[in-house]
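Just so we're on the same page: letters track the sequence lines, and every chain starts at 1.
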Amino acid sequence: MIVPLSHILGFSSALFVMGLACVLARRDLIMILIGIEIMLNAVGLALVGASAFWQKVDGQIFVIFLMAMTSAEVAISLAMVVYLRRQKATLDADAYDGMKG
Amino acid sequence: MTWSDLYALLPVLVLIFGSTVLLMAGAWRAAFSTMVAYGILFSLAAAATAVFHTPGSHDVAGFFLIGGYSRFFSILWPIVAALTLTISFRYGADRGFSGGEYAALILFACAGMVLLSSASSLVSLFLGLETFTLALYILIAFHKGSPLGAEAGLKYLVMGGVATGLLAFGIALIFAATGTFHISEVSILDASNGQFHAVTLFGWGMLLAGIGFKISLVPFHLWTPDVYQGAPSPVAGLLATGSKGAVFAALVFLLGNLQLSRTPLANLLWVLSAASMLIGTLCALRQNNLKRMLAYSSVVHMGYLLLALLAGGTSGHTAILFYLVAYAFVNLGAFAVVTVFSSCATEPQSYEDFKGAGYRQPLAAAALLVFVLSLAGIPPTAGFMGKFAIFYAAIETGYTGLALIGILSSLVSLYYYLRPVIIMYMSGDSNTPSFSMMASEKSVLILCLIATLILGVYPGPLFDVITGILP
Amino acid sequence: MNPLSSLPILSLLIWLPLAGGLGCLFLRPVRHASRWIALGTTGVVFALTLFLFITGSSKNGWLFFEDHAWISRFGIRYTLGMDGLSLLMTLLTAFLLIVAVLISWQVSPYPDFFFSLLLLIECGIMGVFLSLDLVLFYLFWEIMLIPMFFLIGVWGHARRLYAAVKFFLFTLAGSLLMLLALISLYLLHGQQTGDYSFALSALIHTQIPPNLAWWLYGSFFVAFAVKVPLVPVHTWLPDAHTEAPTAGSVILAGILLKTGVYGLIRFGFPLFPGPAHASLPILAVLALAGIFYAAWIAYAQNDAKRLIAYSSVAHLGFVILGLAAWNLTALEGSILQMVNHGITTGALFSMVGMIDQRAHTREIARLGGLWTRVPVLGAFFLFFSLASLGLPGLNNFTGEILILLGTFTTHPVWAALALGGVVFAAIYMLRLVQGVLWGPTKGDEPWTDLSGREALVLIPLAILVLWLGLHPSTFLEPVREPVQLLLQGSMFPSMPGGMP
Amino acid sequence: MTDKTLFLIPLLPLLCGALNVLFGMRLPRQLSQAIAVGGVASSTVLTLVLWPLSAGAGTHVTLFTWLDSGTLHVPVEILFDPLSASMTLMVTGVSTLIHLYAIGYMHRDADYARFFALLNLFVFAMLTIVLADNLLLLFLGWEGVGFCSYALIGFWYREEKNASAGRKAFLVTRVGDVFLGIALLWLFKLFGTLSISGINAGASQLAPHILTLLVVLLLLGACGKSAQLPLMTWLPDAMAGPTPVSALIHAATMVTAGVYLLCRLFPLVSLSSTGLALISAVGAVTAFYAATCALAQREIKKVLAYSTMSQVGYMFLGVGTGAVAGSMFHLFTHAFFKALLFMGAGCIIHLCGEENDIFKMGGLRKKSPLVFWLFLAGALCLAGAPLSSGFFSKDGLLAAAYAHGTPFYLTIYILGAFTALLTAIYTFRLLYLVFGGTSRFTGDLHGLPKLMTWPLIPLALIALFSGVLNLPEIFGGHQWLDHLLHAAGSGESHPLSHMQEWTLAGIATALFAIGWAVAHWRYSRFTPAQEKKAVLFFLHGWQADRLVHATLITPFAFLSRLFWQGADLAVIDGILESLGQGCQSAGERLRTLTTGRVSSYLASLAWGLLLFMLFFLLQVVQG
């Protein structure tokens, strides 16, 4: 293996944290969703790396599942964005605070 | 994947088949009630299949372990789905739900729950979890006319997405550290696996955080009340019982065969359990919205279940399974009452809407009474037996401290469980509009009521079954 | 051979009221059906207990015993047993329930609901007095709470919600601890003997490490102390008694409080003899505190019901003192006094209810001159008040004097102090009597004197007051043997499989 | 006729009382009255008929077992011996006369049934005290008379004052009863039985200090019922009751129950010389105290009440000297003349139209000579006029004290003698103020029903001549009562020489004469004047009530409120409620975390994750 597993894990962790930071920092719904996608892609990276390290295809299979799942989620998310946009003319996530306490 | 594998998964296949059929049939604009009725039939068929279908112990592709344990949940979750659908007849029709999608999504979610409950690999765990989560994203926001529903959908979507990320990353880390997804192998959490010890631990941390979100443990619980409140009541019932229960079923499997109390996780779970019991209880004290109260109460109950999980062993796992069954009927019943009280346009938002219900709607009120008493753990209800089993397990394994905290929280919780009772029976004049319940709603209430009481006074058979099927 | 012995008579005592209660609910459309069902059910139950009392009181051992498997996972069995003590308690329960039904004859609103709750309470109490399996006992112990909570909460007076919730929370606080303790005890016993069972007869043989024994006993004790109630966990009582409807007060004071003492006698002492005996002085101190403290507070009350409620605390102090003395005479006195207090206080609460119906107030300052208006009612009130303050020849005296005589032989100072409490009792009771009966008449609308139904309630009570006062042996005979066994630290052997 | 017939003596009044309780309101007045009188009269007759049974050690009968538990065995048993027989005869006889008088007295009261029922119940309870051979049974009667006294004092309950007086009587006597009760418990512990005969028989085995304590307890019990210091404050107030009640309960019978108790248990009491001395001292001091108070009273019945207290004090004094028979003698004579005086007072009050104040009477001798002569007969006995019954009985007691010869008993004698002087003074003060001089009474005199006067005539004769019951030898008597009661026990006797006896009789006569003279000088021509402070002090019974109020009642009421508002509501409920409040406000605060905004939910998720990671980092670092 050319790249040591630790590097892959380090890189994907960094990517994951960046994605998480995006989710935490942004209020725009689209940006939050993008952050989530980044996190999930970091997962895919780590899985592929680990799969290579252990010489097992399990991880790669999981990545395929993950991609399918992600696309389903994206579809739902986008539908949701459109739906929300119709409900209230904003995509600021914090604007939706009708329920609290 | 062989034919025998498919044969073993028969109940799930029935669900998925039903779901697909309904989804397609929905294109022909069949009436809502017809579709829901078919949905009920499919889920009952799945349950019946599971009852009569005995494939024996079978490991499907290293993903799903089919056996008594999974069969148990293959019966339970379809029943929950069927009940959810049964209470939706009037509720959904009033709100213009499109029948095919609604029933199909519930069946689909149910399939996810069954899969999750029988997962033997982290991959299948993830897939099962995501299957019903995705369905729930839609179901929560299903009522298009409701701003609250949209808000709830948004919150669940965003939080769920992040939690999915955590979960997946945790799984990836564990895989990186151990090279396997299989639960029986990754569960070995001792320090022996050298260099990757840290990675494993971080992986577990992520995994637990993701799961903690799904079962709304403190501090990942904040979404719960909002989502419960915004979601359509039947869906909230499914969310509260099925989705959480399935996760716990998987957790028992995941953490079952390691001596939890000896691992570093024990301390963490201890704190999580205590915090969930206490904070959930305190937050529920001043709630005026029944659904939000139920949400906080579910936080508390997850704390109890975590306590049983921590205790582990046969007692702990028996307690969890029993509690899940009891909790399913009780909570579903409670949400059914909310559904029954929902008018065309709105759901009851505050306790005041139940004022005097004890005399206007005796059956619904009596049912809610029994359900909240059961949640409070007062005999002769299922909740008492469940709590008894949990405290039993806790004391047996020496978690007396947590048991005491549990006692304290159930004492305080009595106060908020009594509040709706007081409103219904002891607050004088009625605000409740007179309405007559549909037979379907009545039957769900009566079924849940009887189940709650029977499990409370004669839990022996269920305990025996559970003891027989534990992995 | 007893003709009833082929019947599961103990189960009947428990489940008959439940069936009646459900009957009340389901026959709602029939006008006035519920009250007759309630009267019929309580009547039949009373007849059963009376029959048992007449025929069975001289036998040895358990008079009746039932034992069935129930929840095998935890070794919980459905074990019921009746000895003299339970017999006496069930008799009292059955009797007071009839009283409760009769005084609530015209209850409104929701009479069917009301009577079904009454019957549910009877079911719970009977279960408590008959269970010999700890979990079964606990089950019934909690079941009693819910209907009582409703009685107070729905038909109570102004502060009923506060009182109802307080009642529920107090009692639950105690009993939850007991739940933990009984599970611990069970596990300990199972680990020692391999026999995992919640049966009382098995658990009394557990060898408990002293330290743990204290904790466990403490948990049980708290549960029972709340119910008795002992100072300082008594404050639920005045509120609950005052706010409850008349029947609720009668049942609360007459029976529910006794379940606490019964629990101590049946479970607390046999299970934990070590700490129980070591804690007798504490018990005595609490009892004495109760006697004086509650009497003192009773004097300051303006609400007649609340005054009687506090007097209950004081009277129960005597009962506990008898327990603390731990000898035959004192214990018999305690048991007798439980019955006595049930009768007298039940009667007094009923009477305050009757007065309230006429005067629409229970405030002592606004009552007065009752004798002029309703002399018969007044005479009964005076009679029961005298019984309550311990006039010899009436029932409370016999109980108190047995307790005191028994206590004095071992602990003279306790008894002497407690005797001082008798003066206190006279002080507050006479204040009540004076406020209600004597003085000028207030208001001038005519009142009807005792109605036939009310007389039907009061006359049997009055006869019992005299009977217990002049010939208590009738009621002491059956408890002698259980008390002797208790003092020896053993109990009747259980009889697996039911009837001998 | 079996011995069990003896039980009829107390049970007949009980039966008749019960009849009146149950049906009195529906019966015609005559029938109700007849039942009441019949019950008591038949008891009297029965006592006379059964008198032979009392000979020697008497007759002991058991009816049934009352209490039975372990070693405790309490039968309902009575002892008909000379002591109880003579007391029974006195009680029933006097009661019969008073019942008759009461018919006249109550002729206008609508509540006659209650009155006669209570009166009969009282007689029952009193006879139970007298006849009981078991302390617990005695206690039953003891409390029973307490209750009847309570109910009868407050008979006219519409006035708050009367009801309060009854309550006070009940409570104060109950304080005494507590001590009696303790004695009873202790005796049971010591002897294992509560039988009076058994206790008397076994008393000599007790240690002296225990005996003394027991006697003190018994004495305190007796003090309550007999209105002796310090439990005497209830008696003057008890005069709020109808006059027959005062005559029966608060003069003739109940107040002497304490004396009877001590006599009954004399074999035990006599074993403690300290105890005896204490009894004497209490008696003498009370006698003196009450006499001083009687001097200043304005209400006719209160004068008599204090004089009763004073005379009962003499009886205690007598018991303390060991003169049981003497005390019983005085008890009997006092019962006769005091009942007579009270009923006479009732007549006077009735004559004057319910006027109680002697300062507003006067000149009644001419208006109603019959009442005057009857009252005079009683008054002479009370004042100790030579050869009257009171003279002999009181003199006997003083002589017994003198005979001891110790400085202590001499002091007692001197106090007693001085009290005798005071007695003469207040008696004649009363006579002069009521009957002498000119009438200060405004208004018409009322007529008297015949039944209010003629029962007094036999009583007056008995009162005057009952001295023969125990006439000392120097007057040619045989001390019949002394011999009769010998079995009841007596202390060590100190025979006096005839010379000493004559001297004592002379002193008594002189005191009587001086007292008369003083009263004549001061009150034969009376004009009401402003009362001095000292007089007021005596009028209010040395301010005993105020003292009790300040030291006991006020603190009691204060504590009662303190415990209720302070401890129960503020502390216990307060702590619990603030716990509840704390939970609620904590919940409120925690709820604000659920802001409704996704960003803060995400933040909390992130914080939770951070904590998880930190936790695991810690695990990793620790290895």
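A salt bridge does not link K305(C) with E243(C): every distance from a Lys NZ or Arg NE/NH1/NH2 to an Asp or Glu carboxylate oxygen is 4.0 Å or more. A salt bridge is absent between R158(D) and D111(D): the closest approach of a Lys/Arg side-chain nitrogen to an acidic carboxylate oxygen does not fall below 4.0 angstrom.
The residue among I427(C), L476(C), L328(C), T398(C) with the most heavy atom pairs within less than 4.5 Å of chain D is I427(C). When the candidates L386(C), V423(C), L430(C) are compared by the number of heavy-atom contacts under 4.5 Å with chain D, L430(C) comes out ahead. Contact count versus chain C (heavy atoms, under 4.5 Å) is highest, among R114(D), E160(D), R174(D), for R174(D). Heavy-atom pairs under 4.5 Å with chain D peak, among G406(C), G469(C), A294(C), at G469(C). The residue among T372(C), L336(C), L382(C) with the most heavy atom pairs within less than 4.5 Å of chain D is T372(C). Interface remark: of the candidates A416(C), A298(C), G333(C), A416(C) forms the most heavy-atom pairs closer than 4.5 Å to chain D. Chain D forms more heavy-atom pairs under 4.5 Å with one residue of W371(C), Y299(C), W296(C) than with any other, namely W296(C). Ranked by non-hydrogen atom pairs under 4.5 Å with chain C, the options V21(D), L67(D), T65(D) are led by L67(D).
Contact annotation for F563(D): both backbone and side-chain heavy atoms come within less than 4.5 Å of a heavy atom of chain C. If you measure heavy-atom distances from W156(D) to chain C, you find no contacts under 4.5 Å at all. Within the 4.5 angstrom heavy-atom criterion, atoms from both the backbone and the side chain of L559(D) approach chain C. Only the side chain of F424(C) comes within contact range of chain D, with heavy atoms under 4.5 Å apart. P412(C) touches chain D through its side chain: at least one heavy atom from C-beta onward sits under 4.5 Å away, while N, CA, C and O do not. Of the atoms belonging to F188(D), it is side-chain heavy atoms, and not backbone ones, that fall under 4.5 Å from chain C. Heavy atoms closer than 4.5 Å to chain D are found in the side chain of R480(C), but not in its backbone. At a 4.5 Å heavy-atom cutoff, F383(C) makes no contact with chain D through either its backbone or its side chain. Proximity to chain D (any heavy atom under 4.5 Å) is shown, for L331(C), by neither the backbone nor the side chain. Only the side chain of Y310(C) comes within contact range of chain D, judged by heavy atoms closer than 4.5 Å. Contact annotation for S164(D): both backbone and side-chain heavy atoms come within less than 4.5 Å of a heavy atom of chain C. For chain C, the nearby parts of A567(D) are the backbone and the side chain; heavy atoms of each come within less than 4.5 Å. Proximity to chain D (any heavy atom under 4.5 Å) is restricted, for V376(C), to the side chain, taken from C-beta onward. Only the side chain of D239(C) comes within contact range of chain D, with heavy atoms under 4.5 Å apart. When heavy atoms are compared at a cutoff of 4.5 Å, F556(D) approaches chain C by way of both its backbone and its side chain. For L569(D), no part sits under 4.5 Å from any heavy atom of chain C, backbone or side chain.
Across L321(C), V413(C), V231(C), a single residue satisfies side chain to side chain contact (heavy atoms under 4.5 Å, CB included) together with L288(C), and that is L321(C).
A 4.5 Å side-chain heavy-atom check between F381(C) and L432(C) finds at least one atom pair inside the cut-off.
One finds the CG atom of L14(D) at 12.5 Å from the CZ atom of F7(D) (value rounded to the nearest 0.5 Å). Once rounded to the nearest 0.5 Å, the distance linking OG1 of T173(D) with NZ of K225(D) reads 4.5 Å. A distance of 11.5 Å separates CD1 of I153(D) from CG of L118(D), quoted to the nearest 0.5 Å. One distance of note links CZ of F318(C) with CG of N396(C); it measures 9.5 Å at 0.5 Å rounding.
Across all their heavy atoms, K168(D) and D237(D) have their closest contact at NZ-OD2, 2.8 Å.
Judged by the 6.0 Å and 45° rule, R167(D) forms no cation-pi pair with W438(C).
Donor-acceptor pairing under 3.5 Å is recorded for the side chains of D573(D) and T235(C).
Between the T128(D) side chain and the F124(D) main chain, a donor and an acceptor come within less than 3.5 Å of each other. Formation of a donor-acceptor pair under 3.5 Å by the D133(D) side chain with backbone atoms of E77(D) is not found in this model.
Classified by interplanar angle (parallel below 30°, tilted 30° to 60°, perpendicular above 60°), the ring pair Y150(D)/F147(D) is tilted.
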